[in-house]
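As structure tokens, the structure follows; a few thoughts come after it.
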Amino acid sequence: MEGYLSCTMTTVLGVLGAYGAWYVVCAYLARRGVPPLNFKDKHCYVTGGSAGLGEQLAVLLVEAGAHVTIVARNQVRLDEAQRLITAHRRDERQRVVAISADVSNHGESVAALDRAIRQHDGQVPEYVFACAGTTTPRYFLDYGPGDFERTMQINYFGALYTIQQAVKYMVQHGVRGRIVTVSSQAGLVGIPGYSEYAPTKAALRMLTETLYYELSIYGIVAHCFFPANIKTPGFEHENQTKPRITRVIDGEDEAIDPRVCAQRLLHGMDKGYPFIVSDPLGDVVRAACKGVGPANNMAVDTLFAALGWFAVPLWRAVTWWQVRDEVQAEATQRRAQLS
Ligand SMILES: NC(=O)C1=CN([C@@H]2O[C@H](COP(=O)(O)OP(=O)(O)OC[C@H]3O[C@@H](n4cnc5c(N)ncnc54)[C@H](OP(=O)(O)O)[C@@H]3O)[C@@H](O)[C@H]2O)C=CC1
Ligand SMILES: CCCCCCCCCCCCCCCC(=O)[C@@H](N)CO
């Protein structure tokens, strides 16, 4: 009996020890080659920097000593954001530049970046955050022609145009910078109501995964951020059209503060994570959706993934049960409307 116990103990300790060693190796591998974050005197370029997540990100960046460019369309909101961001500077030599452009237009995207570099005395951005994005959630059948294309054009192509041009300049000037795309947890998990939005965010994930490997050729690190709901003007906009089914399933009540959300993004970048989330549930979803993409820490991700494969279908069943009345009502109403 005693022999049996000590044999079990040895096995348990052996497994824990092996897991610990694996964890350490994974942590080392994940960080390998990623230089520490350092924003002091760096040029950080933030599209969508006039509101919500992008604005709070710009605030944190100037607090960390960066020069910042924010890009958005509406001049009034840009001016307000510029004032707010400027008030957070550590040093008045820090430049805060605001540029009005529609990033979904290739010419405007490129011109905005050129202007930003000129206004920063030729300094190419070391950090590029493609934050601009939008959604108007509805039932699939309620979208009109053009809606899908418009959202893809802003969320996906808007980010792509900015990043491609920035990477060109980085490589040309030998800048070993970082690029960040902003996807969403809705780009990982299918949620009714996001048919116009989720594909744009899934596309960003795959773009970033590709660039994570490809841009390592030039010493540039790519990150993709997958936040859950954030309390922003964009969130208020989407809630005006969001079906109730969507509100319940995506956890409307748990929306987080944009500053906290931006801090979590910077934390993930500091760790060198390719895919970054805003909360622990996000880590479960991220790991369960990992596929053959890059891991943050293979040892931890494997545990999270195993949890996700069981928990996500349970969560799906529970939330679907919570909205059973709305599902019924929508089915009845829609059939009546279309027949
Ligand atoms: N809020 C949330 O719950 C979540 C948001 N996200 C994503 O995070 C990002 C930020 O979201 P959030 O802070 O809520 O967004 P907001 O709507 O609050 O702010 C969006 C910003 O992007 C700018 N923008 C929008 N379209 C364009 C365009 N075509 N060209 C240039 N700038 C543009 C807006 O300015 P202007 O309109 O003046 O151009 C504004 O500065 C988005 O990509 C969003 O999809 C992801 C998960 C959850
Ligand atoms: C124990 C494991 C349970 C698994 C839980 C799965 C949770 C998924 C939650 C998805 C939330 C999606 C928010 C999308 C926000 C967004 O992008 C929009 N607000 C657009 O702006």
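Start at 1 and go down the list; that is how both ligands and their atoms are numbered. All values below come from the heavy atoms of this structure, side chains included, with hydrogens, waters and symmetry mates left out.
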With a 4.0 Å cut-off on heavy atoms, is [X] in contact with ligand 1?
{"X": "S183", "value": "yes"}
{"X": "Y197", "value": "yes"}
{"X": "A81", "value": "no"}
{"X": "K231", "value": "no"}

Between D114 and Y169: side-chain donor-acceptor atoms closer than 3.5 Å: yes

Between H223 and T208, a side-chain donor and acceptor under 3.5 Å: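 No, no side-chain donor-acceptor pair sits under 3.5 Å.
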
Taking all heavy atoms of [X] and all of [Y], pick out the closest pair and write down the distance.
{"X": "A262", "Y": "L53", "result": "N-CD1, 3.8 Å"}
{"X": "S100", "Y": "R73", "result": "OG-O, 2.7 Å"}
{"X": "P233", "Y": "R77", "result": "CB-NH1, 3.9 Å"}
{"X": "V182", "Y": "K201", "result": "O-NZ, 2.8 Å"}
{"X": "P258", "Y": "I230", "result": "CA-CG2, 3.5 Å"}
{"X": "R178", "Y": "P36", "result": "NH2-C, 3.9 Å"}

Please list, in number order, the atoms of ligand 2 under 4.0 Å from a heavy atom of [X].
{"X": "L281", "result": "1 (C), 2 (C), 3 (C)"}
{"X": "V285", "result": "6 (C)"}
{"X": "Y197", "result": "16 (C), 17 (O), 20 (C), 21 (O)"}
{"X": "A311", "result": "1 (C), 2 (C)"}
{"X": "T135", "result": "20 (C), 21 (O)"}

Parallel, tilted or perpendicular: ring planes of Y45 versus H43, cut at 30 and 60 degrees: perpendicular

Mind checking whether [X] contacts ligand 1 via backbone (N, CA, C, O), side chain (CB onward), both or neither, at a 4.0 Å heavy-atom cut-off?
{"X": "A255", "answer": "neither"}
{"X": "E55", "answer": "neither"}
{"X": "I154", "answer": "side chain"}
{"X": "A186", "answer": "neither"}
{"X": "R77", "answer": "side chain"}

Quick test: of every protein heavy atom, which one is nearest to [atom], and how far off is it to 0.1 Å?
{"atom": "atom 16 (C) of ligand 2", "answer": "S184 OG, 3.5 Å"}
{"atom": "atom 15 (C) of ligand 2", "answer": "N229 OD1, 3.1 Å"}
{"atom": "atom 4 (C) of ligand 2", "answer": "V312 CG2, 3.8 Å"}
{"atom": "atom 5 (C) of ligand 1", "answer": "I230 CD1, 3.9 Å"}
{"atom": "atom 40 (C) of ligand 1", "answer": "S50 OG, 3.6 Å"}
{"atom": "atom 8 (C) of ligand 2", "answer": "W315 CZ2, 3.7 Å"}
{"atom": "atom 12 (C) of ligand 2", "answer": "I191 CD1, 3.7 Å"}

What are the atoms of ligand 1, with element, lying closer than 4.0 Å to any heavy atom of [X]?
{"X": "A132", "result": "22 (O), 24 (N), 32 (N), 33 (C), 43 (O)"}
{"X": "A101", "result": "30 (N), 31 (C)"}
{"X": "G48", "result": "21 (C), 22 (O), 23 (C), 41 (O)"}
{"X": "F235", "result": "3 (O)"}
{"X": "A228", "result": "47 (C), 48 (C)"}

Closest candidate by heavy atom, reference atom 19 (N) of ligand 2, pool R316, K242, E238: E238

Would [X] count as a polar contact of ligand 1, with the cut-off being nitrogen or oxygen pairs under 3.5 Å?
{"X": "T134", "value": "no"}
{"X": "S104", "value": "no"}
{"X": "G54", "value": "no"}
{"X": "T232", "value": "yes"}
{"X": "D102", "value": "yes"}
{"X": "C131", "value": "yes"}

Rounded distance [0.5 Å steps], [atom1] in [X] versus [atom2] in [Y]:
{"X": "N297", "Y": "D283", "atom1": "CG", "atom2": "CG", "value": "10.5 Å"}
{"X": "L57", "Y": "L266", "atom1": "CG", "atom2": "CG", "value": "5.5 Å"}
{"X": "Y156", "Y": "S104", "atom1": "OH", "atom2": "OG", "value": "14.5 Å"}

Taking atom [atom1] as the centre, does [X] end up with more than 12 heavy-atom neighbours from other residues, nucleotides or ligands that are less than 6.0 angstrom away?
{"X": "M298", "atom1": "CE", "answer": "no"}
{"X": "W22", "atom1": "CH2", "answer": "yes"}
{"X": "R316", "atom1": "CZ", "answer": "yes"}

Listed partners of R115 passing salt bridge (Lys or Arg N to Asp or Glu O under 4.0 Å), at least two apart: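 R115: no salt bridge (Lys or Arg N to Asp or Glu O under 4.0 Å) contacts found.
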
Sub-4.0 Å protein heavy atom near atom 11 (O) of ligand 1: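 Answer no: nothing from the protein, no heavy atom, is under 4.0 Å.
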
Any N/O pair Q185/ligand 2 closer than 3.5 Å: no

